Amino acid sequence: MTLNKKPILSVHNLQVEFPTRKGNLVAVNDISFEVNEGEVLGVVGESGAGKSITGSSIIGLIDPPGRITGGEINFLDQRIDHLSAEEMRTIRGKEIGMVFQDPLTSLNPLYRIGRQLTETIQTHLHLDDKNARLQAINLLAEVGIPSPEIRIDHYPHQFSGGMRQRVVIALALCANPKLIIADEPTTALDVSIQAQVLNLFMDLREQLNLTYLFISHDLSVVEHISNRVQIMYLGRVVESASTEELFKEPNHPYTQALLNEVPRLDLRKRNYTPVSGEIPSPLDPPSGCHFHPRCPHATSKCRNEMPVLKEIAPGRASACFLNESS
Ligand code: SF4
């Protein structure tokens, strides 16, 4: 597939904060990135890195009292971070589809899947009942549900985990969106089913020229699906590179530590230092480089100053003082 170099989504200096009784929690801290049409951007980091909040900000679904306190989000040349809830609802589901980790976030267990699919189709497209049902059956076939004309009348609990996630993907595709935000869409599935669902994502991207923002805590999951990867740590982007470059030569010590967790012999042989300890609380982030308490290369400068995300090669950026001495 040829990629267009036109950004479909651009995020500039995004800041998301949650006021809490213990203080202000900065969940996303001044991050900027673009996703080009037809591209898959993998966003990777541990729980608490801010990757899911980044996804929720784009679709206007941050849980209150969280709110965007800085920056802007543009989708297809339209600024969308200032839209009203109603305006955002038109974009969400129609222009931007969503797939979450738990299919029951998107599916109502009390209704047959056919009702949920046709209602979503008719919310966004002008189709009568008969054609909406036909479209729903076609979508179920497209995502690999066997006997879709029968399965359309089943309830969510009558599907296995993998099949239920396929139904959610069909739901996300109802209005022919251009961008899909997938947040840990395979995390709850068995490993063998994970591979099947990932393959489905890749096939659909080819067939429908989709663009994905693919969020995961697991680098091995994004390796096969992403063109580029952005690593997040405590609300900030610490490294960004093409998937190939990132796996060939990870720059940031945190990326190296994450790669150490990927079960691949060639990576194991490189002996990257594994990450130890827990990600610190964003309510009380460490001074200087937020990664310094866990970094094997930390110096006094790292403890006192914050490294900025800088270009280290064309199309690559990293936020680490080690790049200054090289
Ligand atoms: Fe480690 Fe220092 Fe680089 Fe942070 S700036 S990742 S602490 S070497």
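This is a predicted model, so every value here is computed, not measured. Note that the numbering runs from 1 along the sequence shown for the chain. Indexing begins at 1, ligand by ligand and atom by atom, following the structure's order.
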Quiz item: Can you tell me if an N/O/S atom from C302 lies under 2.8 Å from atom 1 (Fe) of ligand 1?
Solution: no
Quiz item: Is the distance from atom 4 (Fe) of ligand 1 to some N, O or S atom of H290 under 2.8 Å?
Solution: no
Quiz item: Can you tell me how far the CG atom of L309 sits from the CD1 atom of I31, to the nearest 0.5 Å?
Solution: 10.5 Å
Quiz item: If you count the atoms of ligand 1 from 1 in the order shown, which ones are under 4.0 Å from a heavy atom of C295?
Solution: 1 (Fe), 6 (S), 7 (S), 8 (S)
Quiz item: Numbering the atoms of ligand 1 from 1, which are under 4.0 Å from a heavy atom of H252?
Solution: 6 (S)
Quiz prompt | Salt bridge present between K310 and E324 (N-O < 4.0 angstrom) | solution = yes
Practice problem: Check each heavy atom of K301 against ligand 1 and say whether those closer than 4.0 Å belong to the side chain, the backbone, both or neither. | Solution: neither
Practice problem: Take atom CD of E305 as the centre, draw a 6.0 Å sphere, and report whether it contains more than 12 heavy atoms from other residues, nucleotides or ligands. | Solution: yes
Quiz prompt | Nearest non-hydrogen protein atom, atom 4 (Fe) of ligand 1 | solution = C289 SG, 2.4 Å
Quiz prompt | Proximity of C320 to ligand 1 by residue part, where a heavy atom lies under 4.0 Å | solution = both
Exercise. Below 4.0 angstrom from a heavy atom of P253, which ligand 1 atoms are there? Numbered from 1 as shown, please.
Key: 6 (S)
Exercise. Taking atom types as modelled, find out whether E87 and S84 have a side-chain donor-acceptor pair closer than 3.5 angstrom.
Key: yes
Quiz item: Does a salt bridge link R133 with D153, judged by any charged N lying under 4.0 Å from a carboxylate O?
Solution: yes
Quiz item: Quick one: CD on E239 to CD on Q256, what's the gap to the nearest 0.5 Å?
Solution: 8.0 Å
Quiz prompt | Those atoms of ligand 1 less than 4.0 Å from some heavy atom in F321 | solution = 3 (Fe), 5 (S)
Practice problem: Kindly compute the distance separating CG (L139) from CG (L171), expressed to the nearest 0.5 Å. | Solution: 9.5 Å
